[in-house]
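Read through the structure below, which is laid out as structure tokens, and then see the notes.
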Protein chains: 2
Amino acid sequence: MIENIEYDALLERFKRVLRDNGLKYTKQREVLLQTLYNNSEHFTPEQLYLYIKERHPGLNVGIATVYRSLNLLEESGMVTSISFGVQGKKFELANKPHHDHMICRQCGVIVEFEDQIIEKRQLAIAKEHGFKLTGHIMQLYGVCGECNKQKIKGI
Amino acid sequence: MIENIEYDALLERFKRVLRDNGLKYTKQREVLLQTLYNNSEHFTPEQLYLYIKERHPGLNVGIATVYRSLNLLEESGMVTSISFGVQGKKFELANKPHHDHMICRQCGVIVEFEDQIIEKRQLAIAKEHGFKLTGHIMQLYGVCGECNKQKIKGI
DNA sequence: GTCAGTGCAAAAGTTTTGCATACAG
DNA sequence: CTGTATGCAAAACTTTTGCACTGAC
């Protein structure tokens, strides 16, 4: 096992949240967190379930546990969910370094980016409205260079 | 019926999209568009269905038509959907003036806002990546002033 | 008149729940 | 040991589809 201070800190935080709420630390929950940590993709509960089953054949997981854990993690603020267009709700770790998404409507390619100017404005805006920001998702929709040539009839 | 140039333009655009795609203009579709236009709220398909049934008792609508129409409108780019927290996917008109959403994780309240600095940066970023922007969704997640007092144990 | 649109009900898909067992604390 | 977590299967909920009929063009 490769040492990873960042992940260790995340795990500690996870354990603390569990402890603080009288919940238990189980292998299933750790694997879930680990999977979200190791993959920058956004998972639907279904995908996460299949992924874990495949990568951890020894571990018995049920889809119900995945749902229960995701809801738990989301409630505690460690995980966030968003939805991209038609596909269902997707989950990702909440405390990844700030990043945003640019999505091609045509081919679905996702480009991640980060912009300090926007980050700062977001904080300021939240403050103006009395919100305590816990996270954000910015999704820019458009057509990527590749797809620009084959545009369908739209608006 | 009160005159409303903005709505008329929207309706025209709608009719054109329908025509261009060989689709038909029906009362159900118009009522749907009208409802989205008249209400700044974000509707789930279910909510929209109930709302229309209530406000247009004469018009027979099925939930299936609501789903079909929303998907159609979304595909054509006239309507967008977002999802936040536990509640399902919600729809709104796509061409409202640019605005973004700040969502309370706790109570689900949505505050709309708009910020020119961010709008401009978005355009610039898209350009940098070769994207032609067609829209965007920015969702700031947090805890609103009201809910801040009753915060559950989280991170 | 033709063919897309509709409501309804059934089907498919998604998420939650009940329960008996397993296992963390 | 106690009580939470789990897997499984059933239940609840959400979304889509098939079909016969309606209505826009």
Side-chain angles (χ1 to χ4, degrees), chain A residues 11-12 14-33 35 42-54 56-76 79 81-91 153, chain B residues 11-12 14-33 35 42-54 56-76 79 81-91 153:
Chain A
L11 189 54
E12 275 320 304
F14 182 35
K15 287 184 179 175
R16 187 164 60 72
V17 168
L18 290 175
R19 242 192 335 269
D20 289 353
N21 289 283
L23 304 172
K24 289 174 179 174
Y25 172 69
T26 64
K27 192 65 188 160
Q28 283 85 347
R29 287 177 177 169
E30 208 228 292
V31 166
L32 204 103
L33 187 73
T35 303
H42 301 73
F43 289 97
T44 62
E46 176 83 13
Q47 288 169 336
L48 204 43
Y49 168 67
L50 294 174
Y51 187 98
I52 291 175
K53 273 186 85 140
E54 189 190 320
H56 302 266
L59 187 69
N60 212 7
V61 275
I63 186 92
T65 295
V66 173
Y67 275 101
R68 282 188 282 232
S69 301
L70 283 174
N71 288 342
L72 168 68
L73 284 166
E74 190 170 28
E75 265 180 69
S76 76
V79 154
S81 71
I82 59 173
S83 97
F84 291 115
V86 160
Q87 327 158 54
K89 204 165 157 185
K90 294 192 174 184
F91 291 82
K153 289 189 225 175
Chain B
L11 189 54
E12 274 319 304
F14 182 35
K15 287 183 178 174
R16 186 165 58 73
V17 168
L18 291 175
R19 239 190 341 266
D20 288 354
N21 290 280
L23 304 172
K24 288 172 179 173
Y25 172 69
T26 65
K27 191 68 189 157
Q28 285 85 346
R29 285 178 177 166
E30 207 226 295
V31 166
L32 203 104
L33 187 73
T35 303
H42 300 73
F43 288 96
T44 62
E46 176 82 15
Q47 289 170 337
L48 203 43
Y49 168 65
L50 294 174
Y51 187 99
I52 291 175
K53 272 186 86 139
E54 190 191 320
H56 302 265
L59 186 68
N60 211 5
V61 275
I63 185 91
T65 295
V66 173
Y67 276 102
R68 283 187 281 232
S69 300
L70 283 175
N71 289 342
L72 168 68
L73 284 166
E74 190 171 27
E75 265 180 69
S76 75
V79 153
S81 70
I82 60 173
S83 98
F84 36 81
V86 161
Q87 326 158 53
K89 204 165 158 184
K90 293 193 172 184
F91 291 81
K153 291 189 223 173

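Quick note on labels: first sequence line is chain A, next is B, and so on, each numbered from 1.
Between B/Arg29 and C/dG5 there is a side-chain N or O to OP1 or OP2 distance below 4.0 Å. B/Thr26 has a side-chain polar atom (N or O) that falls below the 4.0 Å cut-off from OP1 or OP2 of C/dT6. The phosphate of D/dT16 (OP1 or OP2) has a side-chain N or O of B/Asn71 nearer than 4.0 angstrom.
Atoms CD1 (B/Ile63) and C1' (C/dA11) sit 16 Å apart, rounded to a whole Å. Atom P of nucleotide D/dT16 and atom CD of B/Glu74 are separated by 10 Å, given to the nearest angstrom. Going from atom OH of A/Tyr49 over to atom C1' of C/dT14 covers 14 Å, rounded to whole Å. A straight line from CD of B/Gln47 to C1' of D/dC13 spans 15 Å, rounded to a whole angstrom. Remark: P of C/dT14 and OH of A/Tyr67 are 7 Å apart, rounded to the nearest angstrom. In this structure, the CZ atom of B/Phe43 is 17 Å from the P atom of D/dT14, given to the nearest Å. The interatomic distance linking A/Asn21 (CG) with C/dG25 (C1') rounds to 16 Å, in whole Å. In this structure, B/Leu72 places its CG atom 17 Å from P of D/dT15, rounding to the nearest Å.
Formation of a donor-acceptor pair under 3.5 Å by the B/Gln28 side chain with backbone atoms of B/Asn60 is found in this model. A donor-acceptor pair under 3.5 Å is formed between the side chain of A/Arg29 and the backbone N or O of A/Lys24. Without hydrogens or angle criteria, B/Ser69 side chain to B/Val66 main chain gives no donor-acceptor distance under 3.5 Å.
When distances run from any side-chain atom of B/Lys24 to the nucleotides C/dT17, D/dG23, D/dT6, the shortest one goes to D/dG23. The side chain of A/Arg68 lies closest to D/dC8 when the candidates are C/dT15, D/dC8, D/dT17.
B/Glu46 comes within contact range of no nucleotide atom at all, as no heavy-atom separation falls under 4.0 Å. Using a 4.0 Å heavy-atom cutoff across all strands shown, B/Leu23 reaches sugar-phosphate atoms only and no base atom.
Counting heavy atoms from C-beta on, the side chains of B/Leu59 and B/Val31 come closer than 4.5 Å.
Residue whose closest nucleotide on DNA chain D sits further toward the 5' end, between B/Lys27 and B/Pro45: B/Pro45.
Interatomic distance, A/Phe43 CZ to A/Leu32 CG, rounded to the nearest 0.5 Å: 9.5 Å.
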